[in-house]
Amino acid sequence: MNTVYLLNHTFVGIFGMILSAAFCDIVWTRQKRRMLISGMAVLLLFQGMVYFFASPHLATCLYPITTHIPLAIMLYILSKKSFWSIISVLTAYLCCQIRRWIALLVIAVFSGDVAMQRITELVVTLPLLFLLVRFVAPSVRSVSHYTTSVQCQFGLIPVLYYGFDYLTSVYTNLLVEGALVTVEFMPFVCCVAYLVFVLRISAAERARSQLEQAQDTLNIQIAQAVREIETLRESQQKVKVYRHDLRHHMQYLSSCIENGKTQQAQDYIREICSEIEADKVTVFCENEAANLIFSAFVGRADNQGIPMTIKAVIPHVIPVSESDLCVLLSNALENALHACQKCKQKGLSAAIEVSAYEENWKFFLQIINSCDTDITFVHGIPVTNNPGHGMGIRSICAIVERYDGMYDFSVEDGQFILRVSL
């Protein structure tokens with residue numbers, strides 16, 4: 001019996017030390033491996049000396065001093081992470097309980113005794129160590145790169161269990177005696193840990209959702225910037241063409257004047273002015289950013305034969321940033337234009353009406369466009385299953401929520417209506 005006890009005690013010591021080192025974030029070198037093996041041998045030798053020259057009970061009581069503290073110090077020397085070295089040791093100690101529980105399950109099923117329990121613990125030690133080192137240790141090590149707050153939350157249960165186990169099983173007999181508060185302590189800890197886990201997951205999900213919305217908004221801003229750059233590039237190219245053709249225009253006009261063809265010269269001048277007028281940005285309101293967006297989409301709608309009516313009274317200064325205004329208008333008009341394109345493809349009439357104004361330091365926007373009546377709403381927001389779509393609606397909602405405003409989406413008589421107030 002003593003031989004099995006000694007083997008089991010030695011195996012669990014080796015199991016815990018190797019697992020602690022695997023949980024600790026260490027860049028392993030040959031020298032560090034030698035140091036770990038030497039340190040493990042010294043600790044096991046010291047445990048054996050206490051066991052033989054004192055008593056097994058004293059060896060168990062002094063285990064934190066003879067093993068856990070020196071092991072944490074050794075891991076700190078190897079990793080240079082003091083706090084995480086302690087967490088690694090305590091987490092490994094918690095994992096040692098898996099051996100014990102498997103053994104207890106075996107003797108419960110086969111009606112075994114203490115000897116069967118210790119033999120089972122010996123048998124499962126190496127396979128369990130392999131599984132933990134291979135599949136669990138990398139995830140545990142990754143936590144060492146998180147903030148100290150996260151590390152503390154991760155190490156809370158190992159710390160509580162360590163103190164609970166020694167106070168109720170080693171230094172006292174409270175657990176064996178079955179004191180109700182003692183028996184219910186670890187279930188209480190598990191319940192609290194579960195609730196904390198749920199709260200953290202919920203907070204992390206909200207943060208992830210906000211990041212996704214910010215990323216979607218940024219992507220749309222980038223796309224809009226690319227479109228504006230492309231528009232500027234086209235205008236610049238037209239300016240180059242006009243500059244190149246200016247000499248020819250002047251020669252033609254000079255020839256008309258020299259030959260007394262003044263009416264022909266005037267007609268030619270009006271024709272050139274009309275071409276230049278067609279390329280300029282239409283002024284719908286005082287706000288320059290809104291004019292650029294409206295002009296761009298009116299041009300796109302005209303090219304596709306979709307009437308777009310705009311009534312805008314937007315001053316230079318409004319309670320919305322220029323970037324948010326561009327994203328809001330671009331997304332809303334893009335969605336309206338896309339819906340009208342689908343109507344045109346089905347042979348239906350299509351049109352877009354835009355109303356925008358500022359009043360009492362509030363910005364109001366309404367866009368009415370023809371649409372396919374087959375639109376799905378979830379909590380009052382239109383949704384789609386088509387990949388790559390729906391980002392515009394999310395961006396509109398995100399901007400409105402950021403300004404504590406209101407939005408409303410509805411469909412009436414084959415027309416989609418968007419109303420926004422910021």
Side-chain angles (χ1 to χ4, degrees), residues 217 220-221 223-224 227-228 231 280-344 348-373 375 377 380-384 389-422:
T217 302
I220 293 169
Q221 288 176 339
Q224 180 60 31
R227 285 196 293 266
E228 291 177 1
T231 301
K280 77 173 186 178
V281 174
T282 306
V283 177
F284 295 94
C285 59
E286 296 178 4
N287 191 282
E288 184 178 0
N291 286 331
L292 288 171
I293 301 298
F294 288 147
S295 295
F297 278 94
V298 166
R300 291 173 58 185
D302 286 343
N303 292 335
Q304 299 176 38
I306 300 173
M308 180 181 290
T309 304
I310 296 178
K311 298 178 181 179
V313 184
I314 308 175
H316 289 293
V317 181
I318 59 175
V320 183
S321 70
E322 187 172 280
S323 60
D324 287 339
L325 177 65
C326 290
V327 172
L328 178 64
L329 292 177
S330 297
N331 280 292
L333 293 173
E334 187 77 42
N335 290 341
L337 193 59
H338 180 70
C340 288
Q341 288 172 349
K342 291 176 63 177
C343 290
K344 294 280 286 185
L348 304 175
S349 61
I352 301 173
E353 297 179 8
V354 181
S355 299
Y357 62 95
E358 183 271 340
E359 184 177 340
N360 297 327
W361 201 238
K362 287 283 188 179
F363 176 73
F364 299 91
L365 173 67
Q366 176 178 280
I367 298 180
I368 303 175
N369 60 268
S370 306
C371 71
D372 186 351
T373 56
I375 298 178
F377 288 84
I381 299 175
V383 296
T384 177
H389 294 275
M391 291 175 54
I393 295 294
R394 291 199 299 270
S395 295
I396 292 171
C397 295
I399 291 174
V400 175
E401 291 169 359
R402 187 157 59 245
Y403 287 88
D404 294 326
M406 294 185 297
Y407 54 75
D408 178 71
F409 304 93
S410 61
V411 175
E412 297 178 8
D413 299 328
Q415 291 184 318
F416 183 87
I417 304 174
L418 164 65
R419 296 185 179 95
V420 169
S421 65
L422 303 178

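Counting begins at 1 with the first residue of the sequence.
To the nearest 0.5 angstrom, I367 atom CD1 is 13.0 Å from Q415 atom CD. Distance check, rounded to the nearest 0.5 Å: NE2 of H316 to CD of E288 gives 8.5 Å.
Counting all heavy atoms, side chain and backbone alike, F294 lies closest to V354 at CE2-CG1, 4.0 Å. Among all heavy-atom pairs drawn from V400 and S421, the shortest one is CG1-O, 4.5 Å. Minimum heavy-atom separation, S330 to C326: OG-O, 2.7 Å. The two residues V411 and F416 make their nearest non-hydrogen contact at CG2-CD1, 3.8 Å. Across C285 and A312, no two heavy atoms sit closer than the pair CB-O, 3.7 Å. Scanning both residues, I399 and L328, for their nearest heavy atoms gives CD1-N, 4.0 Å.
With sequence neighbours excluded, the residues satisfying side-chain hydrogen bond (donor to acceptor under 3.5 Å, both in side chains) with Q366 are R419. Residues passing the ring pair (Phe, Tyr, Trp, His ring centres under 6.0 Å) test with F409 are Y407, sequence neighbours excluded.
Between R300 and L337 there is a side-chain heavy-atom pair separated by less than 4.5 Å. Inter-residue side-chain proximity for F364 and V420 is flagged as unmet; no heavy-atom pair is nearer than 4.5 Å. In this structure the side chain of H338 reaches within 4.5 angstrom of the side chain of K342, judged on heavy atoms. Contact of the P319 side chain with the L422 side chain is not registered, since no non-hydrogen atoms from C-beta on lie closer than 4.5 Å. L292 places none of its side-chain heavy atoms less than 4.5 Å from the side chain of F297. In this structure the side chain of I375 reaches within 4.5 angstrom of the side chain of C371, judged on heavy atoms. Contact annotation: the side chain of E358 never approaches that of V313 to less than 4.5 Å [non-hydrogen atoms, C-beta and beyond]. Side-chain contact check for I314 versus F284: every heavy-atom pair is 4.5 Å or farther apart.
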Given E401 and R394, is the salt bridge (Lys or Arg N to Asp or Glu O under 4.0 Å) satisfied, shown in steps?
CA-CA 10 Å; E401 291 169 359; R394 291 199 299 270; over 6 Å; no

Show the numbers, then the answer: is there a side chain to side chain contact (heavy atoms under 4.5 Å, CB included) between I352 and I368?
CA-CA 6 Å; I352 301 173; I368 303 175; over 6 Å; no

Full working for side chain to side chain contact (heavy atoms under 4.5 Å, CB included) between L329 and L365
CA-CA 9 Å; L329 292 177; L365 173 67; 3.9 Å; yes

Between L418 and D408, does the side chain to side chain contact (heavy atoms under 4.5 Å, CB included) criterion hold? Intermediate values first, please.
CA-CA 6 Å; L418 164 65; D408 178 71; over 6 Å; no

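The main-chain N or O of N287 is found under 3.5 Å from a side-chain atom of N291 such that the two form a donor-acceptor pair. Without hydrogens or angle criteria, S370 side chain to A351 main chain gives a donor-acceptor distance under 3.5 Å.
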Which pairs of donor and acceptor atoms, one on a side chain in residues 301-311, lie under 3.5 Å apart (sequence neighbours left out)?
| unit_1 | atom_1 | unit_2 | atom_2 | d |
| --- | --- | --- | --- | --- |
| N303 | ND2 | G299 | O | 3.1 |
| Q304 | OE1 | Q341 | NE2 | 2.5 |

